[in-house]
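Below is one structure, written out as structure tokens, with a few remarks after it.
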Amino acid sequence: MSLLHLSVLLSLLFASITAHSRWKCPVPRSSSTGLKKDPCGGAGNFATNGPLVLSPGPNTLEYEESISHKGAPFRIALSQDGKDVYDCILLNHIPHNDAGRPNYGNDKTYVQYRITVDIPDVKCDKCALQLINPMTDKIGKGNSCVLGSSSTPNYCFSVYHSCANVKITGKIPRDQLNCTQPADWPYRVQFRPLLSHAPL
């Protein structure tokens, strides 16, 4: 089994959320899932809801979606220690479940995602996991956009954010960690454009 592998289980389960997508486990800083302000929606900090203690190695994380945006991928990144700077991408361009049919306002229909991620062997008392979800469905079929600010050419202008605080009990100091995605992860290129309505 790969140290970092995708295990997305899509189902219609009971959940309680308010908008598009957010962390479920670990517990997010904010219960809102309609947060667009980078990097964590402008909600909460490292003292909010947590932290969840994680050991290095495979950990199964959960997030959920209440409004479907066709073709819109997800990305998971790790913060610096005590700073909302997310320069460590753990998984990029996680495929979206276009078959999901959540009905906003009916939480029984919200789409559940479960993904197993290999947490690095890092020591970080005040870290956070960032989940982002660019709305690539808004840029038109076959087009692409890149993450960045409004000054970035062809930037993704609509991105949802959710952050969750974690404590990782590894050995390597966070500022010495060399972050890599698994060699067998097909979407590992960190700055690859995000495509709409089409697989990579």
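Values below: every heavy atom of this structure, side chains too, minus hydrogens, waters and symmetry copies. Residue numbers run from 1 in the order of the sequence given.
- The structure places CG of L177 at 11.0 Å from CG of D81, a figure rounded to the nearest 0.5 Å.
- Residues V122 and R174 share a closest heavy-atom pair of CG2-CA, 3.6 Å.
- Grouping the Ile, Leu, Val, Met, Phe, Trp and Tyr side chains by contacts below 4.5 angstrom, directly or via other members, places V166 with L131.
- With hydrogens and angles disregarded, a donor-acceptor distance shorter than 3.5 Å links the side chain of S79 to the backbone of A128.
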Could you go through L129 and L52, starting from their C-alpha distance and side-chain angles, then the distance that decides it, and tell me whether this counts as side chain to side chain contact (heavy atoms under 4.5 Å, CB included)? CA-CA 10 Å; L129 292 173; L52 176 68; over 6 Å; no
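- Residues Y113 and E65 share a closest heavy-atom pair of OH-OE1, 3.5 Å.
- Using modelled atom types, one side-chain atom of N133 and one backbone atom of P73 make a donor-acceptor pair closer than 3.5 Å.
- For V27, the side chain to side chain contact (heavy atoms under 4.5 Å, CB included) partners are N49, not counting sequence neighbours.
- In terms of the salt bridge (charged side-chain N to carboxylate O under 4.0 Å, His left out) criterion, D121 has no residue partners (sequence neighbours excluded).
- When only modelled atom types and interatomic distance are considered, D87 and Q80 share a side-chain donor-acceptor pair under 3.5 Å.
- In terms of hydrophobic clustering, with Ile, Leu, Val, Met, Phe, Trp and Tyr side chains grouped at heavy-atom distances under 4.5 Å, I94 and I119 are assigned to a common cluster.
- With rounding to the nearest 0.5 angstrom, the CG atom of D84 is 10.5 Å from the SG atom of C127.
- Taking a 6.0 Å sphere around NZ of K167, one finds it holds 12 or fewer heavy atoms contributed by other residues, nucleotides or ligands.
- With rounding to the nearest 0.5 angstrom, the CD atom of Q130 is 6.5 Å from the CG atom of D38.
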Before you tell me yes or no, could you show the steps for R22 and S32 under side chain to side chain contact (heavy atoms under 4.5 Å, CB included), namely the whole-Å CA-CA distance, both residues' side-chain angles and the distance that decides it to 0.1 Å? CA-CA 7 Å; R22 71 164 186 183; S32 173; over 6 Å; no
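- By the salt bridge (charged side-chain N to carboxylate O under 4.0 Å, His left out) test, D125 pairs with K123, sequence neighbours left out.
- Note on ring orientation: taking the six-membered ring where Trp is involved, the planes of W23 and Y63 are perpendicular (angle over 60°, cut-offs 30° and 60°).
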Under the side chain to side chain contact (heavy atoms under 4.5 Å, CB included) criterion, do C40 and H161 qualify, and how do the steps go? CA-CA 5 Å; C40 293; H161 301 77; 5.6 Å; no
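- Atoms NZ and CG, on K126 and N45 in that order, are 9.0 Å from each other to the nearest 0.5 Å.
- Note: the hydrophobic cluster containing Y187 also contains F74 (ILVMFWY, side chain heavy atoms under 4.5 Å, direct or indirect links).
- One distance of note links CG of N59 with CG of L54; it measures 5.0 Å at 0.5 Å rounding.
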Verdict with reasoning, F157 to K36, per side chain to side chain contact (heavy atoms under 4.5 Å, CB included): CA-CA 9 Å; F157 60 88; K36 288 188 173 183; over 6 Å; no
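- Closest non-hydrogen pair, G82 versus F46, comes out as C-CE1, 3.4 Å.
- Side-chain atoms of R29 never come within 3.5 Å of backbone atoms of N165 as a donor-acceptor pair (strictly under, hydrogens ignored).
- Pairing each heavy atom of P134 with each of A72, the nearest pair is O-CB, 3.1 Å.
- Under a hydrophobic-cluster definition in which Ile, Leu, Val, Met, Phe, Trp and Tyr are linked whenever side-chain heavy atoms come within less than 4.5 Å, directly or via other members, I115 and V111 are assigned to the same cluster.
- Judged by distance alone, the side chain of N178 and the main-chain N or O of Q176 form no donor-acceptor pair under 3.5 Å.
- Residues L61 and P26 come closest through the heavy atom pair CD2-CD, 4.0 Å.
- Pairing each heavy atom of P56 with each of P120, the nearest pair is CB-O, 3.6 Å.
- The NE2 atom of H93 sits 10.0 Å away from the CH2 atom of W185 when rounded to the nearest 0.5 Å.
- By the rule that hydrophobic residues join a cluster once side-chain heavy atoms approach within less than 4.5 Å of another member, I76 and L78 end up as members of one cluster.
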